[in-house]
Amino acid sequence: MSTIFLRHMSRISIFTYISVLFLAVCIPAQGQISAWEGYTLYNPNNSRTTYLINMKNEVVHTWQNARSGGYCAYLLENGNLLRPATVPNAQLQAPAYSGLIQEITWTGNVVWEFTYSSATYIAHHDIEPLPNGNILLIAYEVKSAAEAVAKGRTTNAALWPDHIVEVRPIRPSGGEIVWKWHAWDHLVQDRDPAKPNYGVISEHPGRLNVNLPSLGFGPSAADWLHVNGISYNPDRDEIVITSHNQSELWVIDHSTTTEEAAGNTGGRRGKGGDILYRWGRPANYGRSGSAVFDVVHCPWWVPKGLPGEGNILAFNNNARARASIITELTPPRDAQGNYVLESGAAFGPATPAWTYSNSTAFFSNHLGGNQRLPNGNTLISEATKGRFLEVTPSGEVVWSYNTGRETARVLRYAPDYPGLKALHTTSADGGETQIADFSIRNYPNPFSGHTVLTYTVAKAGPVRISIHDVTGREVARFDREANGPGTWEAAWDGTDTQGAKVPGGMYLCRLYSAAGMRTHKLVVMGE
């Protein structure tokens with residue numbers, strides 16, 4: 001049996017805790033994976049209302065906004081809502097434009113706004129909050145017909161290529177742009193040797209063929225790329241974006257300076273702002289291979305510690321077949337972490353690591369979202385139907401919700417997520433209530449050998465501690481008849497119920513008491 005020692009503490013332990021994200025997961029019966037407990041956030045397209053629902057599909061909170069928006073919404077750790085919104089009287093009214101980012105308190109007060117809009121550029125589609133508090137946004141920029149032709153484009157027409165901007169908020173209004181990447185700086189063409197960036201397309205996989213036609217269904221021929229989604233990998237300091245009108249995903253290096261991002265040297269990977277990795281249509285860069293994406297949305301880098309960590313999820317609309325597919329990729333890398341591309345070949349993998357589809361029963365002709373959850377399930381927005389579903393790795397639907405309104409994205413947050421504190425301190429009639437001091441942590445984390453779990457309960461009663469692997473299988477369990485209110489310690493030696501050492505990896509420790517349930521993530525280091 002695993003060994004556990006309990007000791008009542010009169011005050012908080014002097015240990016310095018390593019901060020980790022609280023997670024919550026349904027305890028599955030008989031080893032089966034069930035829905036991942038939490039609160040689901042969504043904003044219908046062009047709506048002024050953002051909704052938060054519980055696992056019973058009940059609306060538990062709403063944010064009423066003065067401006068429409070809705071392509072995405074994020075709940076920050078401080079409890080504020082971050083969302084793009086429609087700037088009034090936009091001069092450049094391009095597809096899915098926003099032009100404005102807002103941060104809104106739990107009670108609906110705007111505490112920060114940033115406008116990125118003019119006659120020649122405008123923010124659109126997705127945004128991405130970064131760990132340092134900055135925000136990444138996608139934006140169009142106008143290039144005249146003369147500028148396009150000067151770059152070797154054979155069609156004499158204006159273009160709206162995309163660029164990425166990182167903005168540091170300056171409150172209450174404004175921001176400093178601290179980094180930029182422009183697709184326009186990374187072109188290749190094989191039509192006119194007298195013009196810039198002339199070369200053999202297949203020999204420049206890190207660049208975009210300026211003469212590629214739009215492959216999507218955009219309303220404007222100028223909307224050449226139509227980048228629609230962005231995700232950041234903090235471990236690699238890289239960004240992945242998806243192009244609706246080129247049906248590809250692209251990875252770029254965020255470790256560059258803005259100057260390096262305009263060229264093809266510098267940065268962690270040494271290639272400046274050239275594309276490091278791309279997937280979905282090898283013909284776009286002159287290589288042979290099957291076209292996989294037919295309109296693609298929502299690139300989503302699976303965070304470290306979750307099943308499939310480091311992989312990339314994407315919503316393949318599969319528009320012409322009218323049968324969408326969630327696709328998970330494992331980008332091939334060498335021992336130094338560089339993306340592998342063999343001479344003359346297309347970027348791998350040849351086949352996805354995982355997919356979800358359900359023939360024509362699962363389909364969104366555009367838009368769409370996906371999020372990997374800590375128990376290995378995937379949360380999906382079947383956007384044009386306004387339907388959300390959570391599916392297991394085997395494709396079983398374990399939760400669903402229908403908004404009846406087109407909704408591009410959906411995100412789920414754990415019950416213990418810091419941004420939900422206000423939800424737990426507000427009573428049904430809007431009054432303030434006292435939340436029980438009820439929590440669990442461990443130190444050290446990660447650990448080998450043993451770790452000390454420190455937990456606080458506010459009510460006397462039975463206490464149970466259950467430790468589960470990421471599939472939901474219970475590996476250890478400890479029951480105590482009655483602990484008084486206060487802070488207690490427990491030591492776990494990293495063994496399972498049979499006395500064997502558990503493998504290295506992430507585990508979920510769930511505390512049950514009379515006050516309710518809390519879940520905490522801990523990491524066991526391999527021997």
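What's counted below: heavy atoms across the whole structure, side chains too, no hydrogens, waters or symmetry copies.
- In summary, R268 and E238 do not engage in a salt bridge, as defined by a charged side-chain N under 4.0 Å from a carboxylate O.
- Residues C298 and R409 meet the side-chain proximity criterion, which asks for heavy atoms closer than 4.5 Å.
- Aromatic pair Y39/Y413: ring centres not closer than 6.0 Å.
- Looking only at distances, no side-chain donor or acceptor of S117 sits under 3.5 Å from a matching main-chain atom of I122.
- For the pair R372 and W301, the cation-pi test (distance below 6.0 Å, angle within 45°) is failed.
- Under 3.5 Å, the side chains of D162 and H124 contain a donor-acceptor pair of N or O atoms.
- Y507 has its ring centre no less than 6.0 Å from the ring centre of H468.
- For the pair N245 (side chain) and D223 (backbone), a donor-acceptor distance under 3.5 Å is present.
- With respect to E37 and R412, no salt bridge is recorded, no charged nitrogen being found less than 4.0 Å from a carboxylate O.
- Side-chain contact between V60 and L423 is present, with at least one heavy-atom pair separated by less than 4.5 Å.
- For H163 and W181, the gap between ring centers reaches or exceeds 6.0 Å.
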Worked check of salt bridge (charged side-chain N to carboxylate O under 4.0 Å, His left out) between D253 and R236: CA-CA 8 Å; D253 191 348; R236 297 182 59 83; over 6 Å; no
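- Summarising the local packing, CG of N132 is surrounded by more than 12 heavy atoms from other residues, nucleotides or ligands at distances under 6.0 Å.
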Pair K271-L276, side-chain contact (heavy atoms from CB on, under 4.5 Å): steps then yes or no: CA-CA 7 Å; K271 296 186 177 182; L276 301 176; 3.9 Å; yes
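- A salt bridge is absent between E406 and K385; no separation between the charged side-chain nitrogens and carboxylate oxygens falls under 4.0 Å.
- Among H366, H125, H226, the one residue that satisfies the ring-ring contact (aromatic ring centres under 6.0 Å, His included) test with H244 is H226.
- T105 and T107 are linked by a side-chain donor-acceptor pair at a separation below 3.5 angstrom, with hydrogens and angles left out of the test.
- Under a cut-off of 6.0 angstrom, the local environment of NZ in K143 is crowded, with over 12 non-hydrogen atoms contributed by other residues, nucleotides or ligands.
- Defined by atom type and a distance below 3.5 Å, a donor-acceptor pair is present between the side-chain atoms of T49 and Q64.
- Note: Y121 and Y116 meet the aromatic proximity criterion, with ring centroids under 6.0 Å apart.
- When all heavy atoms of P131 and P234 are compared, the pair lying nearest together is CG-CB, 4.2 Å.
- The aromatic rings of H61 and W63 stand perpendicular to each other, their planes meeting at an angle above 60°, with 30° marking the opposite boundary.
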Checking V398 against S34 for the side-chain contact (heavy atoms from CB on, under 4.5 Å) test, could you report, in this order, the C-alpha distance in whole Å, the side-chain angles of both residues, the deciding distance, and whether it holds? CA-CA 6 Å; V398 292; S34 57; 5.6 Å; no
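- The closest donor-acceptor contact from the side chain of T258 to the backbone of K180 lies under 3.5 Å.
- Counting only heavy atoms from C-beta outward, the side chains of C509 and I465 approach each other to under 4.5 Å.
- There is a side-chain donor-acceptor pair under 3.5 Å between N442 and T451.
- Remark: S243 OG to N228 CG distance equals 7.5 Å, nearest 0.5 Å.
- Judged by distance alone, the side chains of D237 and Y232 do bring a donor and an acceptor atom under 3.5 Å apart.
- Side-chain contact between E103 and L76 is present, with heavy atoms from C-beta onward closer than 4.5 Å.
- Counting heavy atoms from C-beta on, the side chains of V410 and Q371 never come closer than 4.5 Å.
- Residue A90 comes nearest to Q93 through the heavy atom pair O-NE2, 3.2 Å, listed as atom of the first residue, atom of the second, then distance.
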Distance-only check: which donor-acceptor pairs under 3.5 Å involve side-chain atoms of residues 306-319, not counting sequence neighbours?
unit_1	atom_1	unit_2	atom_2	d
E309	OE1	G305	N	2.8
N311	OD1	T330	OG1	3.1
N311	ND2	E328	OE2	2.8
N311	ND2	T330	OG1	3.3
N316	OD1	D294	N	3.2
N316	OD1	N318	N	3.0
N316	ND2	V292	O	3.1
N317	OD1	H297	ND1	2.8
N317	ND2	S364	O	2.9
N317	ND2	L367	O	2.7
N318	ND2	A323	O	2.8

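- Looking only at atom types and distance, the side chain of T50 has a donor-acceptor partner in the side chain of N43 under 3.5 Å away.
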